[in-house]
Amino acid sequence: MKLRLLAAALAATVVLPFGAANAAELEVTHWWTSGGEAAAVAELAKAFDATGNKWVDGAIAGSGGTARPIMVSRITGGDPMGATQFNHGRQAEELVQSGLMRDLTDVATREHWKDIIKPSSLLDSCTIDGKIYCAPVNIHSWQWLWLSNAAFKTAGVEVPKNWDEFVAAAPALEKAGIVPLAVGGQPWQSAGAFDVLMVAIAGKDVFNKVFGDKDAEVAAGPDIAKVFKAADDARKMSKGSNVQDWNQATNLVITGKAGGQIMGDWAQGEFQLAGQKAGTDYTCLPGLGVNEIISTGGDAFYFPLLKDEEKSKAQEVLASTLINPTTQVAFNLKKGSLPVRGDVDLAAANDCMKKGLEILAKGNVIQGTDQLLSADSQKQKEDLFSEFFATPTMTPEDAQKRFAEIIASAD
């Protein structure tokens, strides 16, 4: 994607300094369209509207894989929104380098973001050439296994305490007509599940060597072979899921039609919306009950350069509102994610959120693959695991060989 060729077209865009603004309507694009996500984003809209401005919701259905190309196309095509969601990491890197995105360094400096946003890797992901281009809103970790207590009761087995026990319980679940592992058809779901299995089975150091150092030799080695064996188990256990979207897979767990799901903590919003209680109706195992580690992925908002003076001022108001402690609590309690600030009161957090906060406080964290890989490398990985989960004849050995090739050429 040669975005730089389009930068000149917007070179005349004016970015005005922060100041008191008249009410402005600001279109905000995102892919939060499930029930739990919609409840969470409503908190952001309410907080921004309270400033006298107006949040114009630009939700795009179909998850990030569908939404991001639309967002990028609008920005590069000269029809930018006021703000847009991307994940923490490198998804907006070329847009920034092409001069199409707003520099938020003045806002961040004035409000001391470097002092209050934790861990520092979140703001590092927003920083290019020393300038800050996004406002992080949450910490979402992939490293969770969600289990239906009712499903295991129906199958007559104890709720598992770790991945091995879950695999061992699969035959009993299948005998009871329950899909052991719910996995949706979107490519990012199977790729994310593999990343979680890697941390749990091979450990943090191997994960960092593969995705951080891009070590193809490790990716082709015996530690990752064990991960592919586990991925093969997961593939077999997911047979019969027959759903596409991640929240549809989560609903199979909520309704007891599936035993569990490897999914990020955004799944909590769906359990909450369904009136289910952590520890009573469902069980959460960080790090699959093996390695209690969380990844510091999540969401941030970027702000395209705009020519409209009032909307440019409103962008800074929105950036400030997103980091506001009251907004952080209201949004993240609904979203199931952790706040980006370490100084907010989360007394209302449920048992699973408290587990995540404890792991974060201990510093048992890794960066997400969105932070470590370019968007192109991430897409190659997603395509591989989508094919692997959908093709029973693809052997773990063949898949590992292709995976090592992706890592060898990754940037």
Side-chain angles (χ1 to χ4, degrees), residues 34-36 141-185 189-190 192-201 226-227 229-294 336 349-356 358-359 389:
S34 76
S141 175
W142 251 107
Q143 317 298 315
W144 295 88
L145 175 60
W146 308 94
L147 300 169
S148 165
N149 291 359
F152 288 94
K153 183 177 181 180
T154 299
V157 290
E158 293 292 320
V159 176
K161 297 181 179 63
N162 56 52
W163 174 254
D164 287 341
E165 290 185 9
F166 182 39
V167 174
L173 291 166
E174 290 173 340
K175 186 176 180 180
I178 297 168
V179 175
L181 180 66
V183 179
Q189 295 183 55
S190 48
F194 178 83
D195 296 344
V196 175
L197 288 166
M198 185 187 296
V199 176
I201 292 165
K226 294 176 184 176
V227 181
K229 167 61 173 66
D232 189 34
D233 289 336
R235 175 171 61 177
K236 294 171 183 173
M237 292 165 65
S238 67
K239 184 180 179 181
S241 293
N242 296 329
V243 294
Q244 182 70 9
D245 295 342
W246 71 268
N247 53 305
Q248 293 173 325
T250 305
N251 190 60
L252 293 178
V253 180
I254 291 171
T255 57
K257 295 176 182 177
Q261 179 188 26
I262 297 173
M263 186 51 59
D265 48 15
W266 49 90
Q268 285 197 87
E270 303 304 302
F271 286 103
Q272 290 180 44
L273 198 66
Q276 296 207 342
K277 184 177 178 181
T280 301
D281 301 303
Y282 66 97
T283 296
C284 56
L285 297 180
L288 308 189
V290 182
N291 272 327
E292 290 201 346
I293 291 173
I294 62 173
N350 67 26
D351 289 349
C352 295
M353 288 185 73
K354 287 175 181 175
K355 285 182 182 180
E358 288 170 4
I359 295 168
F389 270 75

Side chain proximity check, Phe152 to Leu147, heavy atoms < 4.5 angstrom
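Yes, close enough: below the 4.5 Å cut-off.
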Any side-chain heavy atom of Tyr282 sitting closer than 4.5 Å to one from Asp351?
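A side-chain contact is absent here, since even the closest heavy-atom pair is not under 4.5 Å.
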I'd like to know whether NZ of Lys239 has more than 12 heavy-atom contacts from other residues, nucleotides or ligands below 6.0 angstrom.
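Count not over threshold, so no.
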Take Asp232 and Arg235, measure what salt bridge (Lys or Arg N to Asp or Glu O under 4.0 Å) needs, and give me the verdict at the end.
CA-CA 5 Å; Asp232 189 34; Arg235 175 171 61 177; 2.8 Å; yes
Quick one: does any side-chain atom of Ser141 pair with a main-chain N or O of Asp265 as donor and acceptor, under 3.5 Å?
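No; judged by distance alone, with no hydrogens or angles, the pair does not exist.
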Gln248 side chain to Gly184 backbone, donor-acceptor under 3.5 Å
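The answer is no, because no donor-acceptor pair under 3.5 Å joins these two groups.
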Apply the test side-chain contact (heavy atoms from CB on, under 4.5 Å) to residues Gln189 and Phe389: give CA-CA distance (whole Å), side-chain angles for both, the deciding distance (0.1 Å), then the verdict.
CA-CA 10 Å; Gln189 295 183 55; Phe389 270 75; over 6 Å; no
Candidate list Leu145, Val290, Ile262, test side-chain contact (heavy atoms from CB on, under 4.5 Å), partner Leu285, passing option:
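So, applying the side-chain contact (heavy atoms from CB on, under 4.5 Å) to Leu285 and each of Leu145, Val290, Ile262, only Leu145 qualifies.
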What's the separation between atom [atom1] in [X] and atom [atom2] in [Y], rounded to the nearest 0.5 Å?
| X | Y | atom1 | atom2 | result |
| --- | --- | --- | --- | --- |
| Gln276 | Glu270 | CD | CD | 11.5 Å |
| Trp246 | Asn251 | CH2 | CG | 10.5 Å |
| Thr250 | Gln268 | OG1 | CD | 11.0 Å |
| Ser34 | Asp245 | OG | CG | 9.5 Å |
| Phe271 | Lys277 | CZ | NZ | 15.5 Å |
| Asn350 | Gln272 | CG | CD | 5.5 Å |

For [X] and [Y], work out which heavy atoms get closest and say how close.
| X | Y | result |
| --- | --- | --- |
| Ser238 | Val179 | O-CG1, 4.2 Å |
| Ala234 | Leu197 | CB-CD1, 4.4 Å |
| Ala176 | Ala155 | CB-CA, 4.0 Å |
| Pro286 | Lys355 | CD-CD, 4.2 Å |
| Ile178 | Lys257 | CG2-O, 3.5 Å |
| Val253 | Ala182 | CG2-CB, 4.4 Å |

Any luck finding a side-chain donor-acceptor pair between Thr283 and Asn149 under 3.5 Å?
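Yes, because at least one side-chain N or O of Thr283 sits under 3.5 Å from a partner of the opposite role on Asn149.
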Leu288 vs Phe166, side-chain contact (heavy atoms from CB on, under 4.5 Å): CA-CA, chis, key distance, verdict
CA-CA 9 Å; Leu288 308 189; Phe166 182 39; over 6 Å; no
Using side-chain contact (heavy atoms from CB on, under 4.5 Å), reason through Trp163 and Asn291 one step at a time and then give a plain yes or no.
CA-CA 10 Å; Trp163 174 254; Asn291 272 327; over 6 Å; no
Would you call the rings of Trp146 and Trp144 parallel, tilted or perpendicular, taking 30° and 60° as the class edges?
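Parallel: the ring planes of Trp146 and Trp144 meet at under 30°.
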